[in-house]
Structures are given as structure tokens and as C-alpha cells.
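I have placed the structure first, in the form of C-alpha cells, so that the comments after it can refer back to it.
When a ligand or atom number is given, it counts from 1 through the structure's own listing order. Numbers for residues simply follow the sequence, beginning at 1. Please read these numbers as outputs of a predicted model, since none were measured by experiment.
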Amino acid sequence: MTASAAVWRERLSAFVARKEADARVARLLPFVTDVDEGGDAFDRIESTWTRAFFDGPFYASRPADHRLPATSLVFVQSRDGNTGAADPSGLGGGDTDQHLIYEGLSRVAADGVLAGAETIRGGQLIFSTWHPELVALRASLGLPRHPLQMIATLRGIDVDSTLIFNVPDLRVVLLTVPPCVNAFHHALAQRPWITPVIMDDPNDLRGAFERLRALGIQRISCVGGRTIARQLIDAGLVQDLYLTTSPKNGGEPNTPLYPKPLKGRLIVKKHGTGSEKGVTFEHLALG
Ligand SMILES: NC(=O)c1ccc[n+]([C@@H]2O[C@H](COP(=O)([O-])OP(=O)(O)OC[C@H]3O[C@@H](n4cnc5c(N)ncnc54)[C@H](OP(=O)(O)O)[C@@H]3O)[C@@H](O)[C@H]2O)c1
């Protein structure tokens, strides 16, 4: 039997308190800009505090099409190009990447954060911003404290025992196919805060994204993993790739973000400093 609503709320509060505490004590180091080709074509996501650590504005594309959300991908890879890791922070992108970019600038203005089911399976996590400066920036944009949690699944996922699905305060979208919704009919009926977005066919991610936009979702940050990310790229749904490369080899072998080099326009390139020397951040505009 699943835990009571009160128990799930306590678990969420404990998770939020731990993430906020970790973010508060993280020692961030400033990035230094090598390339900045962003301009008026992009939205600028920034505050005085983020500019100081990011060394300039963070750019995000506007929706290219009124029927689709603006969508970005945020990834960290090892020096030898692997993205698979039970804990991606172990790939060596550094605290500044994790707190300022991954759990910060890449999602602070997002209506929703999208992950493939493998990225959350077995974990008790939610996707949000945690550092007080980023929480304040998100609030200043008029967005809810936590983004919409969006999970893509074809086989279905253990709804009853996964934090993300059990707290009515969190809005959730399940991006899925009819057999999965049928199998989870009972679990979903008990959780009106979960909205299924049902594709007739797993290849119809574009149709699903059109429905997301119709639901009012204008900006999505997709956090991977590579399986869902590759499909979004192939469907032409990703405008911005935010890619951090660590200075060390590692991760699960043969797990590149994409099977061949990605073509895109380099918008921003930065490098880490101090103990994060060797970390690079690139923003590529795909398309
Ligand atoms: N380096 C990074 O920045 C980063 C970021 C995220 C994750 N990761 C790591 O990457 C690994 C997970 O990546 P992954 O590639 O194995 O999996 P993933 O992309 O996280 O999830 C794949 C799952 O997404 C669902 N899915 C796939 N295509 C779909 C479609 N068209 N429509 C709806 N749902 C679809 C399926 O779920 P079902 O199985 O439920 O059918 C599939 O198994 C983990 O080690 C994780 O920690 C790394």
C-alpha cells in the first residue's frame, strides 16, 4: 500500500530542505567567457548574482513556432563523451555546473522539466531550483516554486512508490502511450494532479509537444537521458543544447549524448576556474 498523503508531503519537505541546504553551502566558482555570440534573438535569463558567476547573461531561445514550446537540453558529459552515470554529478562537471546551470539557469525560467523514465526510475527526486538566488529569480519571473514535472514512459513506471507522483502540490505530466495509461488507469484516477499526454505512437513527440503548448507550457528544460534526448533532437524539437564537459574521463562506456557530432551554432563558450579548471560549458543552437 502506498504511504499517506501526509507522509509524501513530509518526504517532499525533507527533500526540498536537503536540496536547499546543499545549494546554500555549495562553493561556486566563477566561469570565464571565451565566446558570447548571444544577442537580441534570445531571451536573457539573469540576475546580478547569476551574472557574477556565469560571467554574463544566460541565453534561451524563444519558441520558434507558436504551436510548440521552446525546448532546451541540459547535459554533462565526461571528457571522453559519456553521459550515462547513476549520479551524473559524478561525471565531474563541478558544483558550479550543478547548482548554477543544471539546477539553475537552464530551468529557472522553464514551465516544465522533462526526463526519460530511466533517469528517475528508483530515485526519489524532483526537478526544481534550490539556491536561494535562483529561487528568487524564478519567483521574479512569476513562475511557481517548482516546475511542472514531466516524465516520458512507454512501459510505465512505479507510480505508487515514487515521490514525484505522490504529492498533490506538484503538477506532473506523463508523456506516454495508450497501453501504459490503460495499465495505470487506477493509479492515475487517484491522482488528478497527474496529466497524461497520450501519443498514439512513440514517434509522435511533435504531436505531444503541440499538446503541451496548448496546455500553456511555453518553455521546457529536458534533462535527458540520452534516449529521450536523441529522439527530441531527431524530431527537431530542441533549440538549445547546454553542454558541460568535465576534465576527466568516466561514466558508462559508449553513452554519448548523440551517436554522431551534433551540428549547431556556438552561442556561448565558457571555462571553469580554480578547482573547476578544465570544465567547459557550451551553448549550441541546434537547427
Ligand atoms: N549526463 C547527464 O547529463 C545525464 C542526464 C540525465 C540522465 N543521465 C543518466 O543517463 C541514464 C539514463 O539515460 P537513458 O538514455 O538510459 O534513459 P532516459 O532517456 O532517461 O529514459 C529512457 C526511457 O524514456 C522512455 N521513453 C523513451 N522513448 C520514449 C518516447 N518516444 N515517448 C515516451 N517515453 C519514451 C522509456 O521509458 P520506459 O522504460 O518507462 O518505457 C525509456 O526507457 C542514467 O544513468 C542517468 O543517470 C545523465
Atom 33 (C) of ligand 1: which protein heavy atom is closest, and how many Å away? Leu154 CD2, 3.5 Å
Check: of Gly116, Ala85, Gly84, min heavy-atom distance to atom 46 (C) of ligand 1 comes from Ala85
Nearest non-hydrogen partners of Val76 and Pro88, listed with the distance: CG1-O, 3.7 Å
Looking only at non-hydrogen atoms, which of Gly225, Ala235, Ala152, Gly123 approaches atom 18 (P) of ligand 1 most closely? Gly225
Which residue from Val76, Asp97, Ile157, Leu232 reaches closest to atom 2 (C) of ligand 1 through any of its heavy atoms? Val76
Numbering the atoms of ligand 1 from 1, which are under 4.0 Å from a heavy atom of Leu175? 33 (C)
Measure the distance from atom 6 (C) of ligand 1 to every protein heavy atom, then report the residue, atom name and distance (to 0.1 Å) of the closest one. Val223 O, 2.9 Å
Hey, does Ala229 come in under 3.5 Å of ligand 1, counting only N/O atoms on both sides? no
Under 4.0 Å and counting heavy atoms only, is there anything from the protein next to atom 9 (C) of ligand 1? yes
Provide the number and element of each atom of ligand 1 under 4.0 Å from a heavy atom of Met199. 32 (N), 33 (C)
Is it the case that the ring center of Phe42 lies less than 6.0 angstrom away from the ring center of His283? yes
Determine yes or no for a side-chain-to-main-chain donor-acceptor pair under 3.5 angstrom, with Thr245 supplying the side chain and Thr280 the backbone. no
Once you restrict to heavy atoms under 4.0 Å, what part of Thr176 touches ligand 1? Side chain, backbone, both or neither. neither
Give the atom numbers and elements of ligand 1 that come within less than 4.0 Å of a heavy atom of Thr83. 1 (N), 2 (C), 4 (C), 8 (N), 9 (C), 48 (C)
Residues that Arg191 engages under salt bridge (charged side-chain N to carboxylate O under 4.0 Å, His left out), provided they are two or more places apart: Asp160
How about Trp130 and Phe15: are their ring centroids closer than 6.0 Å? yes
Mind telling me whether Phe54 and Phe281 have parallel, tilted or perpendicular rings, with 30° and 60° as the class edges? perpendicular
Taken to the nearest 0.5 Å, the spacing of Leu148 CG from Ile151 CD1 works out to 9.5 Å
Taking a hydrophobic cluster as the set of Ile, Leu, Val, Met, Phe, Trp and Tyr residues connected by side-chain heavy atoms closer than 4.5 Å, whether directly or through intermediates, do Ile164 and Leu114 fall within one such cluster? no
List every atom of ligand 1 that sits less than 4.0 Å from any heavy atom of Pro202, numbering the atoms from 1 in the order shown and giving each element. 31 (N)
Should one rank Ala117, Ala115, Pro88 by closest heavy-atom distance to atom 23 (C) of ligand 1, which comes out on top? Ala117
Within less than 4.0 angstrom of ligand 1, does Gly156 place any heavy atom? yes
Could you check atom 43 (O) of ligand 1 against the protein and tell me its nearest heavy-atom contact, residue, atom and distance included? Glu118 CG, 3.8 Å
Quick check: does any side chain N or O of Arg107 sit under 3.5 Å from a backbone N or O of Ser128, one acting as donor and the other as acceptor? yes
Common cluster, Leu170/Val159, ILVMFWY with side-chain heavy-atom separation under 4.5 Å: yes
Tell me if a side-chain donor or acceptor on Arg145 pairs with a main-chain N or O of Thr129 at a distance below 3.5 Å. yes
Return the closest protein heavy atom for atom 15 (O) of ligand 1 as residue, atom name and distance. Thr227 OG1, 2.5 Å
In terms of atom number and element, which parts of ligand 1 are under 4.0 angstrom from non-hydrogen atoms of Leu91? 1 (N)
Without placing hydrogens or testing angles, list every side-chain donor-acceptor pair under 3.5 Å for residues 215-225, not counting sequence neighbours.
{"unit_1": "Arg219", "atom_1": "NH1", "unit_2": "Ser61", "atom_2": "O", "d": "2.8"}
{"unit_1": "Arg219", "atom_1": "NH2", "unit_2": "Asp43", "atom_2": "OD2", "d": "2.7"}

Nearest protein heavy-atom contact for atom 7 (C) of ligand 1: which residue, which atom, what distance? Thr119 OG1, 3.1 Å
Ligand 1 N/O within reach of Asp87 N/O, cut-off under 3.5 Å: no
Taking the minimum heavy-atom distance to atom 31 (N) of ligand 1, which of Arg155, Arg226, Gln231, Arg121 ranks first? Gln231
